[in-house]
Amino acid sequence: MIKAGIIGATGYAGAELVRILNGHKEVEIVWYGSRSYVDQNYADVYRNMFQIVDAKCMDDNMEALADQVDVIFTATPQGFCASMMNDAILSKAKIIDLSADYRIKDVAVYEKWYGIKHESPQYIEEAVYGLSEVNREMIKHARLLANPGCYTTCSILTAYPLAKEGVIDMSTLIIDAKSGTSGAGRGAKLPNLYCEVNENIKAYGVASHRHTPEIEEQLGIAAGEPVTLNFTPHLIPMNRGILATEYATLKKQVTYEEVKAIYDQYYQKETFVRVLEKGVFPETKWVEGSNYVDINFQIDPRTNRIIMMGAIDNLVKGAAGQAVQNMNLMFGFSENEGLNMVPMFP
Ligand SMILES: NC(=O)C1=CN([C@@H]2O[C@H](COP(=O)(O)OP(=O)(O)OC[C@H]3O[C@@H](n4cnc5c(N)ncnc54)[C@H](OP(=O)(O)O)[C@@H]3O)[C@@H](O)[C@H]2O)C=CC1
Ligand SMILES: CC(=O)N[C@@H](CCC(=O)OP(=O)(O)O)C(=O)O
């Protein structure tokens, strides 16, 4: 049994960590970190945890927390984890950061896209990018884990096998993605009010969304060449879920069976990646509440393009679920421990 602390346990990603870790055989949560609810009952913040979590919210003192736990999850805004990190913390506990602080290797790129100064760039090199299916071996030995973003997890896993195998022309890749509003967190923001979101679909971050360089970096590593792409996110009126639709020109003529064989080569043995049957395309409802990524593709011979699609639950595989999957790898637990939630429907 290990001890875990969550800083940002009162946010949407943190609350999902609490929900998942409550069903984990090997973990006891000993610290429910918060900024606004210190000393209040956690179950008063999230009533779904009534009679399940009997603990008060603690503060966000990462130094003190590191003395008490084996693993710290930081489900906090960009910049928090980087501002707290030091050698002492890293020597005492493993860190799984759900923010973007250690995802991007070039600090200048991080500072440009996030508009903040990175306060501990000396740890970026050591951090392991926690896309579980891709970096499994490195994750096992990590002490500082950069958990990927929600759009990025969905976008990268959907295109990864074809980028890696050189099937698509990476300079033509366009990613069009839609997310439910929980992706924006629990904090009150005008664009996320009910009247602004309900019965409405809107693009945002057009040609400027901060997940763009993260996707470019990771697909660039896969393709073995620099990648520049268009990524356009949309906010849609639902709580959870991301659907990414990705378009790219094929480098050579390929059949459905050849492409399917490539996806199977990468994902057939993966517990959480489901490549769907021919002609069946991912829907967010079929993964909701679970750690699954559903993927499929369609070749369009008329345009010589391939259309790839992926769906995840942004709070699970896009955040807390993948963070727990990575924790399982880092501590040598069974990779799916605590993550056997069946998708909910409707
Ligand atoms: N929502 C999602 O789908 C995903 C989120 N992420 C990332 O996870 C992190 C958390 O996101 P999310 O849960 O959505 O955000 P929320 O706004 O819902 O929660 C933020 C959490 O951080 C705490 N907090 C706020 N400001 C500070 C601060 N200055 N210092 C310390 N703690 C602070 C809040 O405490 P309190 O409520 O007590 O004030 C709250 O617990 C972010 O980095 C986000 O980018 C990553 C992937 C997906
Ligand atoms: C709907 C919505 O607002 N989504 C968030 C993505 C949240 C996320 O993945 O956070 P990271 O910044 O840690 O990657 C956004 O577009 O900023």
Side-chain angles (χ1 to χ4, degrees), residues 1-85 89 92-102 130 144-150 181-189 239-240 289 291 313-328 330-331 337-339 341:
M1 195 81 164
I2 62 165
K3 291 192 162 120
I6 303 169
I7 303 191
T10 46
Y12 282 162
E16 193 68 0
L17 274 169
V18 171
R19 186 176 79 91
I20 293 172
L21 290 176
N22 260 280
H24 197 293
K25 285 199 305 239
E26 309 281 357
V27 179
E28 180 194 1
I29 306 174
V30 298
W31 189 296
Y32 295 80
S34 163
R35 282 277 274 208
S36 313
Y37 303 98
V38 178
D39 287 336
Q40 293 187 41
N41 288 328
Y42 186 80
D44 288 344
V45 183
Y46 285 106
R47 301 293 301 174
N48 56 323
M49 288 299 158
F50 181 57
Q51 294 187 351
I52 298 171
V53 173
D54 181 17
K56 289 200 184 300
C57 294
M58 313 278 279
D59 61 22
D60 55 10
N61 185 338
M62 207 160 156
E63 296 255 25
L65 175 55
D67 285 325
Q68 300 182 31
V69 295
D70 303 287
V71 60
I72 298 174
F73 294 90
T74 44
T76 42
Q78 318 307 326
F80 172 84
C81 189
S83 72
M84 293 290 151
M85 193 56 60
I89 290 175
K92 291 176 194 160
K94 290 184 189 268
I95 311 298
I96 299 179
D97 179 29
L98 278 73
S99 84
D101 288 357
Y102 298 104
L144 175 56
L145 193 289
N147 213 57
C150 50
T181 57
S182 62
R186 201 183 198 203
K189 295 171 201 105
N239 291 349
R240 289 169 181 251
N291 201 45
D313 183 321
N314 55 295
L315 291 176
V316 188
K317 184 62 177 171
Q322 184 152 244
V324 172
Q325 192 178 349
N326 288 326
M327 180 201 71
N328 287 339
M330 290 160 82
F331 285 89
E337 173 53 39
L339 294 170
M341 306 87 76

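Side-chain atoms are counted along with the backbone in the values below, which use heavy atoms only and exclude waters and symmetry mates. Note that the numbering runs from 1 along the sequence shown for the chain.
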Rounded to the nearest 0.5 Å, what separates atom OG1 in Thr181 from atom CZ in Arg240? 11.0 Å
Separation of Leu339 CG from Met341 CE (nearest 0.5 Å): 5.5 Å
Could you name each residue pair satisfying salt bridge (Lys or Arg N to Asp or Glu O under 4.0 Å) that touches residues 43-55, not counting sequence neighbours? Asp44-Arg47
Please assess Asn291 against Ile20 for the test side-chain contact (heavy atoms from CB on, under 4.5 Å), listing each intermediate value before the final yes or no. CA-CA 10 Å; Asn291 201 45; Ile20 293 172; over 6 Å; no
Is any side-chain heavy atom of Val53 less than 4.5 Å from a side-chain heavy atom of Ile29? no
Taking all non-hydrogen atoms of both residues into account, name the closest pair between Val316 and Arg19 and its distance. CG2-NH2, 4.4 Å
Can you tell me how far CD of Glu16 sits from CG of Asn314, rounded to the nearest 0.5 angstrom? 9.0 Å
How close do Met1 and Lys25 get, counting heavy atoms only, and between which atoms? SD-O, 3.3 Å
Applying side-chain contact (heavy atoms from CB on, under 4.5 Å), run through Leu145 and Tyr102 and close with a yes or a no. CA-CA 8 Å; Leu145 193 289; Tyr102 298 104; over 6 Å; no
Does the side-chain contact (heavy atoms from CB on, under 4.5 Å) test come out yes or no for Met58 and Leu65, once each step is laid out? CA-CA 10 Å; Met58 313 278 279; Leu65 175 55; over 6 Å; no
Separation of Gln322 CD from Leu315 CG (nearest 0.5 Å): 13.0 Å
With a 4.5 Å limit on heavy-atom distance, are the side chains of His24 and Asn328 in contact? yes
Determine whether more than 12 heavy atoms belonging to other residues, nucleotides or ligands lie under 6.0 Å from atom CG of Asn239. no
The test is side-chain contact (heavy atoms from CB on, under 4.5 Å); show your working for Val45 and Cys57 and say whether it passes. CA-CA 9 Å; Val45 183; Cys57 294; 4.3 Å; yes
Evaluate the side-chain proximity of Met84 to Ile7: yes if any heavy-atom separation is below 4.5 Å, no if none is. no
How far apart are the closest heavy atoms of Lys56 and Asp39, and which atoms are they? CD-O, 3.2 Å
Measure across Ile96 and Asn147 and return the closest heavy-atom pair with its distance rounded to 0.1 Å. CG2-OD1, 4.4 Å
How far apart are the closest heavy atoms of Trp31 and Asp59, and which atoms are they? NE1-O, 2.9 Å
Has Asp313 got a side-chain atom pairing as donor or acceptor with Gly289's backbone, closer than 3.5 angstrom? yes
For residues Glu337 and Val324, report the shortest heavy-atom separation together with the two atoms involved. O-CG1, 4.0 Å
Under 6.0 Å from the six-membered ring centre of Tyr46 and within 45° of its axis: does the NZ or CZ of Arg186 meet both? yes
Donor-acceptor pairs under 3.5 angstrom involving side-chain atoms of residues 69-82: please list them, not counting sequence neighbours.
residue	atom	partner	partner atom	Å
Asp70	OD2	Lys3	N	2.7
Thr74	OG1	Asp97	OD1	2.8
Gln78	OE1	Ala100	N	2.7

Heavy-atom distance under 4.5 Å between the side chains of Tyr42 and Met49, does that happen here? yes
